[in-house]
Amino acid sequence: MSQLEETLNLQLRHLGVAPAEREYRFAAIAAGGPGRGLRKRLQEAQLRDWRFDFAWPDKMLAVEVEGGAHVNGRHNRGVGFEADLEKYHHAMRLGWTVYRCSGPLIKNWEAAQLIRCLLSSMRCGCDVEESADAG
């Protein structure tokens, strides 16, 4: 778990958010679950064994922490960026809502506040003043 992911995890716990499943293998689950024949089932479904950083499967909400934005990290270089887009494309095709957040959004608690809101209502109509209550 990256430092940003650990920070977000601690913030979510502080806010009383239900624990997420970490490294959730959404594509494997969609293709019938891990186990014998998974590789073939993933290929037939045109999926890869992708994982989400945080997932709440009952709400079909996933959170991806996008680190390395200012150091030419994997998420913002050509091949890595395209691979991420493919992953998010297929996740949304399977019915997932994917929230992507970065270091600044985590460090100022905005990401944790929005995730709490999304999980409680599955919409983004949170009161703006809620973020002032964080930290």
Side-chain angles (χ1 to χ4, degrees):
M1 181 181 325
S2 73
Q3 184 62 46
L4 284 175
E5 290 173 23
E6 181 58 31
T7 299
L8 180 59
N9 193 47
L10 290 171
Q11 291 172 350
L12 293 171
R13 285 177 48 200
H14 176 80
L15 294 175
V17 173
E21 293 199 34
R22 303 299 319 278
E23 297 298 317
Y24 183 75
R25 296 173 67 188
F26 74 94
I29 301 300
R36 181 173 218 122
L38 174 61
R39 207 174 278 174
K40 182 180 181 194
R41 287 182 275 123
L42 285 168
Q43 185 177 13
E44 289 170 354
Q46 299 178 334
L47 300 172
R48 295 198 189 114
D49 195 9
W50 291 299
R51 293 163 167 73
F52 291 134
D53 295 331
F54 297 84
W56 290 266
D58 59 321
K59 301 275 191 176
M60 296 291 284
L61 176 66
V63 173
E64 288 285 287
V65 175
E66 308 289 0
H70 300 285
V71 294
N72 199 24
R74 182 199 130 359
H75 296 289
N76 61 356
R77 284 182 284 159
V79 173
F81 182 77
E82 289 297 330
D84 284 348
L85 291 179
E86 181 184 10
K87 172 182 171 178
Y88 306 143
H89 168 86
H90 287 284
M92 294 186 74
R93 183 175 63 87
L94 293 169
W96 286 88
T97 298
V98 180
Y99 171 60
R100 300 172 61 203
C101 57
S102 63
L105 289 170
I106 292 170
K107 289 174 185 171
N108 69 15
W109 287 73
E110 288 183 61
Q113 291 286 349
L114 180 59
I115 293 164
R116 180 178 68 171
C117 179
L118 288 169
L119 287 168
S120 67
S121 67
M122 284 309 294
R123 61 182 180 81
C124 297
C126 295
D127 186 344
V128 174
E129 292 179 20
E130 276 188 81
S131 62
D133 297 336

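In this chain, numbering begins with 1 at the start of the sequence shown. Note that these values count all heavy atoms, side chains included, but never hydrogens, waters or copies made by symmetry.
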Can you measure from [atom1] ([X]) to [atom2] ([Y]) and round to the nearest 0.5 angstrom?
X	Y	atom1	atom2	answer
L12	T7	CG	OG1	11.0 Å
R93	H89	CZ	NE2	6.0 Å
Q113	N108	CD	CG	10.0 Å
N9	H14	CG	NE2	13.5 Å
R116	L15	CZ	CG	5.0 Å
E110	Q11	CD	CD	10.5 Å

Is the W96 to Y88 ring centre distance short of 6.0 Å?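 They do not qualify: ring centres at least 6.0 Å apart.
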
For F54, give me all partners under ring pair (Phe, Tyr, Trp, His ring centres under 6.0 Å), at least two apart in sequence or on another chain.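 In terms of ring pair (Phe, Tyr, Trp, His ring centres under 6.0 Å), with neighbours along the sequence ignored, F54 is linked to no residue.
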
Under the ring pair (Phe, Tyr, Trp, His ring centres under 6.0 Å) rule, collect the residues that match up with W50, sequence neighbours excluded.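 With sequence neighbours excluded, W50 shows a ring pair (Phe, Tyr, Trp, His ring centres under 6.0 Å) to H90, given in chain and number order.
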
Neighbour count above 12 (heavy atom, 6.0 Å) for E44 CD: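 Count over threshold, so yes.
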
For a quick test of reading the model, state the closest non-hydrogen atom pair linking [X] to [Y] and the distance between them.
X	Y	result
V98	E64	CG1-CG, 4.2 Å
C101	L8	SG-CD2, 4.2 Å
A30	L47	CB-CD1, 4.4 Å
G103	L4	CA-CD2, 3.6 Å

Qualifying side chain to side chain donor-acceptor pair (under 3.5 Å) pairs, either residue in residues 19-28, two or more places apart: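 Residue pairs passing side chain to side chain donor-acceptor pair (under 3.5 Å), neighbours aside: E5-R22, R25-D49.
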
Given side-chain contact (heavy atoms from CB on, under 4.5 Å), test L119 with V17 step by step and report yes or no. CA-CA 8 Å; L119 287 168; V17 173; 3.4 Å; yes

Can you list everything that forms a side chain to side chain contact (heavy atoms under 4.5 Å, CB included) with L10? Sequence neighbours excluded, please.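 E6, R13.
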
With a 4.5 Å heavy-atom cut-off, do M60 and F26 have their side chains touching?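 Sidechains of F26 and M60: no contact.
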
Is I115 close to W56 at the side-chain level, that is, under 4.5 Å between some pair of heavy atoms?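 Touching, per the 4.5 Å side-chain cut-off.
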
Between R100 and E66, does any NZ, NE, NH1 or NH2 come within less than 4.0 Å of an OD or OE carboxylate oxygen?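 A salt bridge is present here (some side-chain N lies under 4.0 Å from a carboxylate O).
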
Spell out, as yes or no, whether a donor-acceptor pair under 3.5 Å connects the side chain of S121 to the backbone of L118.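 No, S121 side chain to L118 backbone: no donor-acceptor pair under 3.5 Å.
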
Under the side chain to side chain donor-acceptor pair (under 3.5 Å) test, residues paired with R39 that sit two or more places apart: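 Once residues adjacent in sequence are excluded, R39 has no partner under the side chain to side chain donor-acceptor pair (under 3.5 Å) criterion.
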
Could I get the full list of side chain to side chain donor-acceptor pair (under 3.5 Å) partners for R48, not counting sequence neighbours?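 Side chain to side chain donor-acceptor pair (under 3.5 Å) check on R48 returns E86.
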
side-chain contact (heavy atoms from CB on, under 4.5 Å) for D53 and V63? Distances and angles first, verdict last. CA-CA 6 Å; D53 295 331; V63 173; 5.8 Å; no

